[in-house]
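Everything below concerns the one structure shown next.
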Amino acid sequence: MHNLKEIRKNFEFFKKALEKRSIDIDFDKLKDLDQKNREFIQKKELLEQKKKEISKTKDKSLFAKSKEISSEIEKIDTQQKSIKLDLDKLLSNIPNIPHKDVPLGKNENDNMELSKAGKIPEFSFNPKSHYELGEKLNMLDFDLATKTTGSRFVFVKDKLALLERALSNFMLDIHVVKNGYEEISPPLLASENTMFGTGQLPKFENDQFEVKLDENNNRKFLIPTAEVILTNIVKDKIVDQKHLPLRYVASTPCFRKEAGSYGKDTKGMIRQHQFYKVEMVSIVEQEKCLDELERMTNCATGILDLLELPYRKVILCSGDMGFSAEKTYDIEVWLPSEKRYREISSCSSCSTFQAIRMKARYKNQKNETLFLGTLNGSGLAVGRTLIAILENYQQKDGSITIPKILRPYMNNLEKISIN
RNA sequence: GGAGAGGUGGCCGAGUGGUUGAAGGCGCACGCUUGGAAAGCGUGUAAAGGGGAAACUCUUUCAUGGGUUCGAAUCCCAUUCUCUCCGCCA
């Protein structure tokens with residue numbers, strides 16, 4: 001969310017910057033509501049001051065007058081509150097402003113490749129897709145998931161279940177020991193307010209799984225990413241600067257409705273309603289956001305380097321970035337069956353956008369209270385890493401060689417083959 | 001699920017109707033002291049919103065929302081969260 005004062009000051013800048021995101025926001029309405037809101041506040045404050053003076057005098061002859069003022073205040077207050085509500089609604093639906101480094105563009109086609117790494121494997125045979133491989137091994141079972149649950153779910157079994165678990169453990173170890181993140185095992189449900197804090201609500205409610213916990217109206221949602229719950233650790237807090245940066249990592253299931261992607265990636269486990277992801281979150285001073293973004297992205301690519309998987313780094317264009325992001329790098333891994341790169345990690349700086357929503361602040365050395373910067377990045381999406389290993393490490397006979405670095409996590413197993 | 005206790009500033013904690021935005025402590029900042037540090041001493045230190053170029057000033061805020069009152073952190077009601085005991089349970 002943006003600071004209204006800033007918008008007021010740099011009205012044209014905001015208007016222009018948000019045009020880059022190819023969404024339309026009624027800025028004239030915003031301006032109008034803001035102005036009305038302030039007028040009502042001024043009226044109200046004047047009356048409140050009068051009332052206060054009367055009560056200080058303790059003069060009984062003035063008490064009736066004070067009562068009159070009270071009822072007048074109430075009238076104005078009702079109007080002001082309703083205007084404020086509309087204003088907040090409008091404001092909370094405005095996305096973050098793209099950083100000036102971000103390339104201009106409409107959609108994913110305008111994203112820019114920045115670098116490539118790793119060696120793309122060559123096969124003497126036609127490489128199979130991960131779901132062909134997994135089903136043949138009898139270790140990925142989509143039909144079973146359809147029976148017990150429905151589409152876009154999967155049973156991961158046997159050695160692939162072990163691989164999935166190994167991947168989580170391996171990634172967590174690297175991020176904790178080498179990259180300095182604190183490991184968290186968080187709740188998988190988030191309150192409505194928490195979902196608002198990171199920007200999933202109110203605009204993207206359609207993508208969330210809501211869970212009915214009780215009959216009250218305390219809404220709860222399954223987290224679509226651990227970013228939600230990890231970032232909100234600093235919600236409503238004023239952190240001492242000496243505790244910064246805060247870096248958290250968690251491996252959690254993520255739940256998404258994928259409402260807007262009917263017919264997309266329907267085969268295999270590329271796009272599921274539920275998947276594991278190792279997520280990194282950093283909380284930093286606002287001016288350190290971009291440095292931290294580079295660092296975080298390197299933490300993500302570091303995992304791919306260790307797994308010896310080929311990938312490329314992409315910077316998202318203004319039109320393809322997420323709601324809360326000011327700048328985003330996607331890391332895409334090579335999938336031999338598709339002969340192209342697919343997203344396996346996304347690292348974003350959200351500047352103070354989420355912090356303003358969450359009221360997450362810190363005190364600097366001048367004793368000023370400032371909003372924090374928040375960042376999040378996958379390190380990595382476990383499900384898709386599993387896919388990448390299946391496809392890139394497949395052998396002619398359908399067996400899968402296990403990357404060396406993972407073997408200690410898998411009882412020194414070297415190869416997954418049909419039983 | 002039953003019974004009780006409680007939610008006050010960055011943190012801890014006092015405060016039961018009238019300059020209380022709120023004692024005291026911790027923390028933090030600055031200064032003095034010191035060869036340097038620690039200790040000690042002194043000063044300062046809430047947030048949000050409005051007005052103002054600024055200095056500054058006004059309003060609101062003691063979990064949240066209502067109510068009583070000229071006036072509420074303080075009294076009443078509802079909601080919510082936390083803690084303790086009992087019950088049930090992985």
Side-chain angles (χ1 to χ4, degrees), chain A residues 1-11 30-92 185-197 211-221 229 232-246 253 283-286 352-372:
Chain A
M1 199 150 72
H2 299 290
N3 192 334
L4 195 56
K5 273 190 206 162
E6 298 296 320
I7 298 183
R8 211 178 285 148
K9 257 192 245 165
N10 307 304
F11 192 75
L30 189 79
K31 205 172 188 174
D32 183 51
L33 285 172
D34 177 41
Q35 202 169 333
K36 276 189 185 148
N37 182 43
R38 283 187 293 158
E39 275 168 25
F40 278 114
I41 286 172
Q42 283 172 44
K43 276 190 206 166
K44 204 166 77 174
E45 285 185 353
L46 206 72
L47 293 171
E48 271 161 354
Q49 209 174 337
K50 271 190 202 162
K51 210 178 125 179
K52 217 173 176 178
E53 274 159 23
I54 293 174
S55 98
K56 264 186 195 167
T57 63
K58 299 182 201 175
D59 180 349
K60 278 185 186 160
S61 65
L62 294 171
F63 287 177
K65 173 76 180 163
S66 177
K67 267 199 147 170
E68 243 173 68
I69 295 174
S70 287
S71 74
E72 203 174 332
I73 288 176
E74 208 180 310
K75 267 187 231 156
I76 296 171
D77 189 57
T78 322
Q79 292 178 82
Q80 187 263 330
K81 271 185 179 156
S82 123
I83 287 169
K84 184 69 169 48
L85 217 66
D86 290 345
L87 188 62
D88 284 342
K89 203 172 153 189
L90 204 59
L91 207 58
S92 62
S185 176
L188 304 179
L189 290 182
S191 68
E192 189 174 11
N193 189 258
T194 295
M195 295 285 278
F196 176 84
V211 173
K212 194 167 187 177
L213 201 65
D214 49 38
E215 297 304 317
N216 301 334
N217 49 0
N218 305 309
R219 305 178 73 194
K220 302 268 187 281
F221 298 84
I229 208 96
N232 274 280
I233 288 174
V234 291
K235 181 172 83 167
D236 293 320
K237 275 228 259 193
I238 301 181
V239 185
D240 203 318
Q241 189 174 19
K242 70 181 176 198
H243 294 131
L244 299 176
L246 297 167
I283 314 287
V284 301
E285 293 94 330
Q286 42 182 278
T352 56
F353 186 84
Q354 292 179 324
I356 293 173
R357 294 170 88 91
M358 292 188 297
K359 298 185 175 66
R361 292 158 292 181
Y362 71 100
K363 267 207 199 320
N364 70 5
Q365 280 169 346
K366 289 182 203 155
N367 230 12
E368 294 167 318
T369 307
L370 301 166
F371 283 108
L372 287 159

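Here is the naming used below: chain letters follow the sequence lines, and residue numbers restart at 1 for every chain. This structure is a prediction, so every number in the text was calculated from the model and none was measured.
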Open item on the list: Would A:Lys235 and A:Thr194 count as a side-chain contact (heavy atoms from CB on, under 4.5 Å) here? Give the steps.
Closed with: CA-CA 8 Å; A:Lys235 181 172 83 167; A:Thr194 295; 3.4 Å; yes
Scan [X] against the nucleic acid and name what it touches under 4.0 Å (heavy atoms): base, sugar-phosphate only, or nothing.
X: A:Lys81; value: sugar-phosphate
X: A:Lys56; value: nothing
X: A:Thr369; value: sugar-phosphate
X: A:Ile54; value: nothing
X: A:Lys44; value: nothing
X: A:Ser55; value: base

- [ ] Among residues two or more places apart or on two chains, list those pairs meeting side-chain hydrogen bond (donor to acceptor under 3.5 Å, both in side chains) that have a residue in residues 76-92 of chain A.
- [x]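 Counting only pairs at least two positions apart or across chains, the side-chain hydrogen bond (donor to acceptor under 3.5 Å, both in side chains) contacts touching residues 76-92 of chain A are A:Asn37-A:Gln80, A:Lys44-A:Asp77, A:Lys44-A:Gln80, A:Asp77-A:Lys81, A:Lys84-A:Asp88.
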Sticking with atom [atom1], work out how far [N] lies from [M], rounded to a whole angstrom.
N: B:G1; M: B:G51; atom1: P; result: 47 Å
N: B:G7; M: B:U61; atom1: C1'; result: 15 Å
N: B:A72; M: B:U64; atom1: P; result: 16 Å

TODO: Compare the minimum distances between each of B:G50, B:C28, B:U59 and the side chain of A:Glu48, then state the nucleotide with the smallest one.
DONE: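 Out of B:G50, B:C28, B:U59, the nucleotide with an atom closest to A:Glu48's side chain is B:U59.
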Task: Closest to side chain of A:Arg38, choosing from B:A47, B:G51, B:C70 - done: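 Within the option list, the nearest is B:G51.
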Open item on the list: Counting only heavy atoms and a strict 4.0 angstrom limit, can you tell me which residues of residues 234-243 of chain A come near RNA chain B?
Closed with: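 Heavy-atom contacts with RNA chain B come from A:Ile238, A:Lys242.
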- [ ] For residues A:Asp236 and A:Met358, determine if any side-chain heavy atom of one lies less than 4.5 Å from a side-chain heavy atom of the other.
- [x]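 With C-beta onward as the side chain, the pair stays apart.
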